[in-house]
Student: 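Right, I'll just put the structure down here and ask away after.
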2 protein chains.
Amino acid sequence: MSGELDLIERLRALPLHEGARNLDDDAAVLEIGGETLVLTHDMLVEGVHTARGQDAADVAWKLVATNLSDLAAKGARPVGVLVGFTRGKDEARFVAGLEAALRHYGVPLLGGDTVSGGPPRSHGLTAIGRASHVPVPSRGGARPGDAVWVTGTLGAALAGFEALTAGDRDGARAYLRPQALIEEGLALAPVATAMMDVSDSLLLDAWRMARASGANLVLESAAVPIALPEARRDEALRWGDDYQLLFALPAGLAPPVRATRIGTVESPDSRGDGGSDGDSDGGGALILDGRPIASPDGLGYSH
Amino acid sequence: MSGELDLIERLRALPLHEGARNLDDDAAVLEIGGETLVLTHDMLVEGVHTARGQDAADVAWKLVATNLSDLAAKGARPVGVLVGFTRGKDEARFVAGLEAALRHYGVPLLGGDTVSGGPPRSHGLTAIGRASHVPVPSRGGARPGDAVWVTGTLGAALAGFEALTAGDRDGARAYLRPQALIEEGLALAPVATAMMDVSDSLLLDAWRMARASGANLVLESAAVPIALPEARRDEALRWGDDYQLLFALPAGLAPPVRATRIGTVESPDSRGDGGSDGDSDGGGALILDGRPIASPDGLGYSH
């Protein structure tokens, strides 16, 4: 997840080490000792990123999965995590969920900090990964002519959230226990021209990929595989938390993982300028069903 | 800063990667690409770790300095940080303080996350450093016969806190803008048998060093250099936030940095067993002015 762009931009303007490249909001790349490390840090705030009253074990799982998903999108293999944990009555559940997630992914806990505070309580996690392919895939590499693909189905987390609200914990699994697509990311890293995980919504993240790439992402909403009834297709495309991988591949290349082609990349000057708004960086718009999307407002969840 | 030991122990029992050694609460060590990285993550919670109404620029500075202090105690040179920041009205001040601290230490911001939430707001920071000496100094290496030393003076942060409370911002500098002793840590790493930063209080941290080392730390309180009137010596030894380096050196060795000798390390069976309590790990007590300290309760600030 990411904050608003103006603050990120201000933070990014801070002095950057020569050996460090801040690719985008999702992860940082650090070359050290002949290895390329990928580092990511995400926070979860009670009641903001999690449902109130949610089992702390699920909160811990999600904290691990969302950070590892950022590594997956960079084709990085996790080497460890550090956790920042705010203590509370349910901390045994948090530790159980943390352990379950780390065992699931085979990732060690390297260290961290525990504090008192809240409500609301906040938890943070830093994940460190080893890049499997250099250059590390970024959201900014999509080129005109590429095809746009997405793994899995969209809207599964929304369906899960609704199941949870209705008291159906089993049906809520996609929301409560998201999966980081580590193996898929490793397979895609050598061939994808651009890649990111869909954390905030397919449309919002596609918009970001278009902007970062300076190219139009031309998507057909009907082509997107969804986990909701057809009547709710629009919601499926605007809800986040699915952690699927959105990626671009050179035309004609078949992806090495199960995925669905949902559009193409076009030159930014191939269609009007409907996509330009105040912070345009030389073009790159989301074109949905033939209509340029002028603003990211309403495309998904920004937090 | 650290949470209570039981939780840390439970977290530590989680699966650990072969290449990773979780030295103690302060920092983790990760060998990668022929380099030894030191990683640390600390959180600050509004009103818990910072005074209410404190300038967000000072909060950001402290967040950087406390994490870099953990690297200093490991003799590591910082290579970058990731920040987890909860947004608010004063965020421009936070960014200004973050920038000032990172410029001061010449450390790049690699990335991070910004979220909404609170009050209270929480911020986290992960610092990554490159070890200058292997084995990396830990709190657990003090050996009988060593001398115990500390840099600087204790109680300066307490005096600063009191100045702040009295509205004297200039006099509060030691509290508001603590310094991470990076150069001192680099100089000490090759010679210190044990080292840690004094974040919670000299006595509490000395107690921890004794426990981790399985040796008695025999301190003379009168020898400790303090920044408060003599009548308040005891407070100076029990207040935290000074971020001085506490270290052990082989007998007869002069430290390569300005420091004061405050005691010696003795074998744990050289004096009774007054230091043993429930979680004894084979001895190691703090002996203050000839009296064994049986429990860490009241020695300093635990949070």
Side-chain angles (χ1 to χ4, degrees), chain A residues 1-4 7-8 10-12 14-17 19-20 22 25 27-28 30 32-35 37 39-43 45-49 79-80 82-87 91 95 98-99 102-103 106-118 120-122 124 126 128 130 303, chain B residues 1-4 7-8 10-12 14-17 19-20 22 25 27-28 30 32-35 37 39-43 45-49 79-80 82-87 91 95 98-99 102-103 106-118 120-122 124 126 128 130 303:
Chain A
M1 57 218 75
S2 58
E4 288 176 28
L7 183 71
I8 293 284
R10 270 151 63 206
L11 291 171
R12 270 208 208 136
L14 298 180
L16 276 174
H17 191 263
N22 195 345
D25 298 353
L30 184 67
I32 201 149
E35 295 271 359
L37 296 185
L39 302 116
T40 174
H41 179 79
D42 271 356
M43 286 179 79
V45 182
E46 228 174 24
V48 176
H49 304 95
V79 295
L82 291 95
V83 69
F85 169 60
T86 304
R87 304 193 63 172
E91 63 192 35
V95 171
L98 188 66
E99 178 159 18
L102 294 177
R103 280 194 196 283
V107 179
L109 180 73
L110 300 177
D113 192 20
T114 63
V115 296
S116 311
R121 293 154 69 205
S122 295
T126 300
I128 301 114
R130 197 189 297 253
H303 43 144
Chain B
M1 57 218 75
S2 58
E4 288 176 27
L7 183 73
I8 294 284
R10 271 152 62 206
L11 291 171
R12 268 207 208 138
L14 298 180
L16 275 175
H17 191 263
N22 194 344
D25 298 354
L30 184 67
I32 200 151
E35 295 272 359
L37 295 185
L39 302 117
T40 175
H41 179 79
D42 272 356
M43 285 179 79
V45 182
E46 227 174 24
V48 175
H49 305 95
V79 295
L82 291 95
V83 69
F85 170 60
T86 304
R87 305 192 63 172
E91 63 192 35
V95 171
L98 187 66
E99 177 158 19
L102 294 177
R103 280 193 197 282
V107 179
L109 179 73
L110 300 178
D113 192 20
T114 62
V115 296
S116 311
R121 293 154 68 204
S122 295
T126 300
I128 301 113
R130 197 190 297 251
H303 45 144

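Just so it is clear, the values below take in all heavy atoms, side chains as well, and ignore hydrogens, waters and symmetry mates. Each chain gets a letter, A, B and so on, in the order its sequence line appears, and its residues count up from 1.
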Student: Are A:Leu110 and B:Leu30 packed together at the side-chain level, in the sense that at least one heavy-atom pair is separated by less than 4.5 angstrom?
Tutor: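 Answer yes - side chains close enough.
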Student: Hey, which of A:Gly84, A:Gly117, A:Gly34, A:Gly124 has the most heavy atom pairs under 4.5 Å with chain B?
Tutor: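 Heavy-atom pairs under 4.5 Å are most numerous for A:Gly84.
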Student: Return the OG to CE distance between B:Ser116 and A:Met43, rounded to the nearest 0.5 Å.
Tutor: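 The OG atom of B:Ser116 sits 10.5 Å away from the CE atom of A:Met43.
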Student: Taking all non-hydrogen atoms of both residues, which atom of A:Pro120 and which atom of B:Pro120 are closest, and how far apart?
Tutor: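 Heavy-atom minimum between the residues: CD-CD, 4.0 Å.
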Student: Just so I know, are the side chains of B:Ile128 and A:Leu37 near enough to count as touching, which here means a heavy-atom distance under 4.5 Å?
Tutor: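 Contact flag for B:Ile128/A:Leu37 side chains = no.
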Student: Can you name the nearest heavy-atom pair linking B:His41 to A:Asp113, along with the distance?
Tutor: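 Result for this residue pair: O-CB, 3.0 Å.
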